[in-house]
Amino acid sequence: MSAPPPVPLSVPPTTPPVSRQGSPLLGFGLDVLLAACILLGLSLFCGLAWGLWRGFEVGMAIAREGGGAPDAAQLGTQLGQPGALAQMLIALVSTGGAALVLYFWRRRAVPAERAASHAAARRGSTWAWTLLVAACVFVGSSLIGWGGKQLGIEPVPTNLPLMEQAMAHYPVFLVAFAVFLAPAYEELLFRRVLFGRLWAAGRPWLGMVLSGAAFAFIHEIPGTSGNGLPEILQLWLVYGGMGVAFAWLYRRTGTLWAAIAAHTLNNAVALAALVLFGIQ
């Protein structure tokens, strides 16, 4: 018996997608587990590669200067932590790699889906919805930030120090990374792969919530910053709401390009705010 046909990306919200075999929740959990393992493995590999390269550079510098072997403390100081450029490249390879592997392995689009997506991208209403959702995300995030400030909650995003350092030394690469590359691979992973699985199984609202929660967690992992519980919850609310909005837009328009564009606009506005006003 042949497998059921894939769900066209142009399916309107009122039409339930075709169910796929197997438990969609188990499939979603497996996707999350695979993404986490691939992301962690690539991060460790890239970190090891950076350490070996940095160690080679330090060794060559010592050899040129004719100095003796440095002690452990001196060597640790010379090696240091990966800089802003190295951290962005590691994030690009690890998260982008996980997104591509999961897409081609688990949720690769068939020709009919790609054709439907291209047709949706040619509709003017698609981009009107994109602008509307991007504006709503900006307003919603601003209101959440304002409300938190009234309660004395002022979180600092985990990636803010990295962005400030990158803006000072690698502004062009930061713009390319934050505005174009990150939205593309994040939408591919969180919307196409994670949300798309539950959407195809006829459970789009559950998919929006769960993929939004995964999107929020990856952006603010507890224990990786100085934020307390109220600050973490506020950031989760912002990122989670953003993820739900982009998933809704993907479903409403029928093309992932709309979600990527809205994400791009959001990151561009955030980066412009960092440049023009800073974040206190």
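Please read all numbers here as calculations on a predicted model, not as lab measurements. Atom set for the values below is all heavy atoms of this structure, side chains included, hydrogens, waters and symmetry mates excluded.
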Side chains of [X] and [Y] in contact at under 4.5 Å (non-hydrogen atoms):
X: F246; Y: V137; answer: yes
X: H169; Y: L85; answer: no
X: T253; Y: L249; answer: yes
X: V32; Y: L210; answer: no
X: L265; Y: V269; answer: no
X: I218; Y: F190; answer: yes
X: L194; Y: F215; answer: no

Qualifying ring-ring contact (aromatic ring centres under 6.0 Å, His included) pairs, either residue in [range], two or more places apart:
range: residues 120-168; value: W129-W248
range: residues 84-125; value: none
range: residues 225-245; value: H219-Y239

Residues two or more places apart in sequence or in another chain: which of them pass side-chain hydrogen bond (donor to acceptor under 3.5 Å, both in side chains) with [X]?
X: T126; result: none
X: E231; result: none
X: S142; result: none
X: N267; result: none

For P24 and R203, which heavy atoms make the closest approach, and how far apart are they?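 Scanning both residues completely, I find the closest heavy atoms to be CG-CD, 4.4 Å.
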Among residues at least two apart in sequence or on other chains, which ones pass side chain to side chain contact (heavy atoms under 4.5 Å, CB included) with [X]?
X: A84; value: L162, Q165, A166, Y170
X: I38; value: L42, A98, V101, L102
X: L92; value: F177, L181, Y185
X: I221; value: F217, T224

Quick check against the 3.5 Å criterion: does R191 have a side-chain atom that pairs as donor or acceptor with the backbone of V244?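 Judged by distance alone, no pair lies under 3.5 Å.
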Tell me which pairs pass salt bridge (Lys or Arg N to Asp or Glu O under 4.0 Å) where either residue lies in residues 25-50, with sequence neighbours left out.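 Sorted result for residues 25-50: D31-R106, D31-R197.
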Is it the case that the ring center of H263 lies less than 6.0 angstrom away from the ring center of Y250?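 No, the ring of Y250 stays outside the 6.0 Å limit from the ring of H263, centre to centre.
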Salt bridge or not between R192 and E113? Use side-chain N to carboxylate O under 4.0 Å.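 Judged by the 4.0 Å cut-off on N to carboxylate O distance, R192 and E113 do form a salt bridge.
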Could you go step by step and tell me if E220 and S225 meet the side-chain hydrogen bond (donor to acceptor under 3.5 Å, both in side chains) rule? CA-CA 8 Å; E220 184 63 29; S225 69; 3.0 Å; yes
